[in-house]
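Below is one structure; the comments refer to it alone.
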Amino acid sequence: MTAPNPILTTIIFVFALQAMVLGVLLILKRPRKQAHVFLSFLIFFFALMAFNIAWVNVLSANNLMPVFRYFQMELLYGIGPSLYFYTKCITDSEFRFAKKDYIHFVPVVLEFLFYRTAFYRLGAEGMYQDPVHPYTKIYLGEQWLGILSITIYVVVSLILLYRYQSWLKSQFSNIEHKSLNWMKLPVIIYAGYWIGWMVLTEIDRFAFDRSLRDSYFLPAFVGLAIVTNWIGFKGYLHSRAAISGFVPQKTRPKKSKSNSELAQRITELMNRERPHLDPELDLSGLADLLDINPKQLSQTINQDFAMNFYEFVNKYRVAAFKERLQQPESSKLTLLAHAFESGFNSKSTFNDVFKKMTGSTPSSYAKQLKD
């Protein structure tokens with residue numbers, strides 16, 4: 001057990017309670033959405049974890065630890081499913097939680113019941129006894145399975161996010177406000193937190209006889225409570241993707257024959273009508289201009305141009321930007337203004353795409369032209 005620290009314990013209490021309040025607000029938000037419900041669950045389970053640790057320290061400081069064993073509030077097995085279904089909701093506006101999906105939350109019910117048994121109470125207390133109580137192995141096994149559950153769901157959620165982003169690049173030419181990049185960092189942090197936590201605690205337990213516990217235990221949960229609030233606020237602002245059509249299952253792209261005639265039509269249309277100057281151009285829009293099926297257009301771009309739709313359109317936008325800079329009166333506008341006139345609608349997207357396609361930054365390229 002860690003030494004009492006009133007300051008860190010208070011910080012954990014404040015952020016944990018704030019996260020719980022945010023979770024309630026998400027549930028009450030109208031219109032009610034599935035994404036809000038699962039985000040609320042996710043926040044609640046993480047906030048409960050942090051609150052639980054602060055509660056432990058308060059009881060420990062007052063020699064009331066036996067009481068805590070009857071009021072354990074940690075629910076590891078609810079975190080993974082909540083994160084996964086939240087990810088499903090925000091990446092697919094047509095997803096609906098079905099009765100069969102309740103099976104994912106059965107382990108958290110069993111976990112709650114486990115904490116009400118002697119297997120938990122004696123096993124948890126037995127960690128600090130010599131010799132270790134026989135039930136301790138059961139308790140540690142339950143904890144490790146909980147961490148494994150979280151890790152598996154986190155990995156699956158990350159895979160779903162990356163597949164979603166790949167799908168976006170096959171459908172849209174501007175994806176900054178659709179890509180959900182903001183969610184990758186907290187997901188990675190959560191995964192790294194649990195893996196690092198279990199590794200660190202076991203190293204401390206076996207190699208240092210828990211002598212390092214005071215230096216990392218409470219600070220780690222302060223960080224967890226803060227990150228939980230962060231993902232809650234971000235999720236509140238970006239609660240759901242405003243598009244549909246994404247299929248989460250991985251599909252193998254079918255090899256299609258090269259269609260040089262259609263590829264030539266696409267090139268001629270891009271050069272003649274310059275649809276890439278429209279920031280909202282998507283696969284369906286370009287397919288309509290060509291009077292062909294979007295799937296056929298996507299296959300041709302992939303096969304004949306060896307790139308996805310996002311790369312294909314932005315290649316023309318980069319070329320348009322370069323053309324504008326070579327005009328005599330180009331200095332009257334800023335580089336960003338030229339980028340927007342070329343079809344980009346985001347500074348960060350423009351900088352990333354330009355650097356990837358040319359190997360230099362826009363400012364460096366402009367300076368080279370002047371020299």
Side-chain angles (χ1 to χ4, degrees), residues 90-91 93 161-162 164-185 233-234 237-246 263 265-290 292 294 297-298 300-302 305-371:
I90 63 175
T91 56
S93 61
L161 281 172
Y162 279 108
Y164 173 72
Q165 189 168 38
S166 297
W167 175 81
L168 284 177
K169 288 186 176 181
S170 71
Q171 301 291 320
F172 301 95
S173 60
N174 276 309
I175 64 173
E176 182 176 9
H177 300 297
K178 305 179 182 75
S179 64
L180 304 179
N181 276 328
W182 64 270
M183 192 179 175
K184 293 176 187 174
L185 182 59
F233 282 116
K234 292 290 288 186
L237 297 175
H238 305 273
S239 60
R240 193 172 186 171
I243 55 179
S244 61
F246 170 60
R265 283 184 57 201
I266 295 171
T267 301
E268 291 175 354
L269 182 135
M270 295 298 292
N271 291 329
R272 182 179 66 252
E273 299 188 23
R274 298 168 68 85
H276 53 276
L277 299 182
D278 177 10
E280 300 303 321
L281 179 67
D282 58 15
L283 185 71
S284 297
L286 185 56
D288 288 341
L289 292 175
L290 290 160
I292 61 174
L297 173 60
S298 179
T300 302
I301 292 175
N302 294 339
F305 297 97
M307 58 184 72
N308 57 43
F309 179 76
Y310 176 81
E311 294 168 335
F312 177 74
V313 174
N314 283 313
K315 180 190 71 172
Y316 280 91
R317 288 173 177 164
V318 169
F321 174 80
K322 290 181 176 180
E323 291 175 6
R324 293 185 63 86
L325 289 193
Q326 292 174 359
Q327 296 174 0
E329 297 182 351
S330 63
S331 60
K332 292 183 178 180
L333 294 177
T334 64
L335 294 180
L336 186 58
H338 282 298
F340 286 165
E341 291 294 327
S342 301
F344 291 100
N345 67 353
S346 162
K347 180 180 179 180
S348 60
T349 299
F350 165 60
N351 288 332
D352 291 342
V353 169
F354 192 91
K355 179 70 179 294
K356 182 178 180 180
M357 292 189 174
T358 67
S360 65
T361 63
S363 56
S364 299
Y365 177 81
K367 186 178 180 180
Q368 290 175 5
L369 287 180
K370 292 180 180 179
D371 296 340

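All values derive from a computational prediction rather than experimental measurement. In this chain, numbering begins with 1 at the start of the sequence shown.
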So which atom in V318 and which in M357 form the shortest heavy-atom distance, rounded to 0.1 Å? CG2-SD, 3.9 Å
With sequence neighbours left out, write down each residue that passes ring-ring contact (aromatic ring centres under 6.0 Å, His included) with F321, or none if nothing qualifies. F350, F354
Give a yes or no answer on whether the side chain of N174 reaches the backbone of F344 with a donor-acceptor pair at less than 3.5 Å. no
Write down the atom of P279, the atom of S173, and the distance for their closest heavy-atom approach. O-OG, 3.8 Å
Could you tell me whether the side chain of L283 reaches within less than 4.5 Å of the side chain of Q171, counting heavy atoms only? yes
Determine whether N351 and T361 make a side-chain contact, defined as any pair of heavy atoms from C-beta on separated by less than 4.5 Å. no
Residue pairs meeting salt bridge (Lys or Arg N to Asp or Glu O under 4.0 Å), one or both in residues 334-351, sequence neighbours left out, come to none
State, to 0.1 Å, how close A287 and L297 come at their nearest heavy-atom pair, and which atoms those are. N-CD2, 3.6 Å
Is N314 reaching over with its side chain to a backbone N or O of R317, donor-acceptor style, under 3.5 angstrom? no
Gap between atom CZ of F340 and atom CG of L333 - 0.5 Å precision: 12.0 Å
Which atom pairs, donor and acceptor, lie under 3.5 Å between side-chain atoms of residues 265-276 and protein residues at least two apart or in another chain?
from: R265; atom 1: NH2; to: L290; atom 2: O; distance (Å): 2.6
from: T267; atom 1: OG1; to: A263; atom 2: O; distance (Å): 3.0
from: E268; atom 1: OE2; to: Q264; atom 2: NE2; distance (Å): 3.1
from: N271; atom 1: ND2; to: T267; atom 2: O; distance (Å): 3.2

Taking the side chain as every heavy atom from C-beta outward, state whether T349 and Y310 have any pair of such atoms under 4.5 Å apart. yes
Got a second to check how far S363's OG is from L336's CG, nearest 0.5 Å? 12.0 Å
Carefully, step by step, assess W167 and T91 under the rule side chain to side chain contact (heavy atoms under 4.5 Å, CB included). CA-CA 11 Å; W167 175 81; T91 56; over 6 Å; no
Run the ring-ring contact (aromatic ring centres under 6.0 Å, His included) test against F309 and tell me which residues pass, sequence neighbours left out. none
For E280, side-chain contact (heavy atoms from CB on, under 4.5 Å) partners two or more places apart: D278, N345
Residue pairs meeting side chain to side chain donor-acceptor pair (under 3.5 Å), one or both in residues 319-328, sequence neighbours left out, come to R324-H338
L286 and L281: which non-hydrogen atoms are nearest, and at how many Å? N-CD1, 3.9 Å
Gap between atom OG of S170 and atom CG of D282 - 0.5 Å precision: 11.0 Å
Short question: side chain of S166, backbone of Y162 - any donor-acceptor pair under 3.5 Å? yes
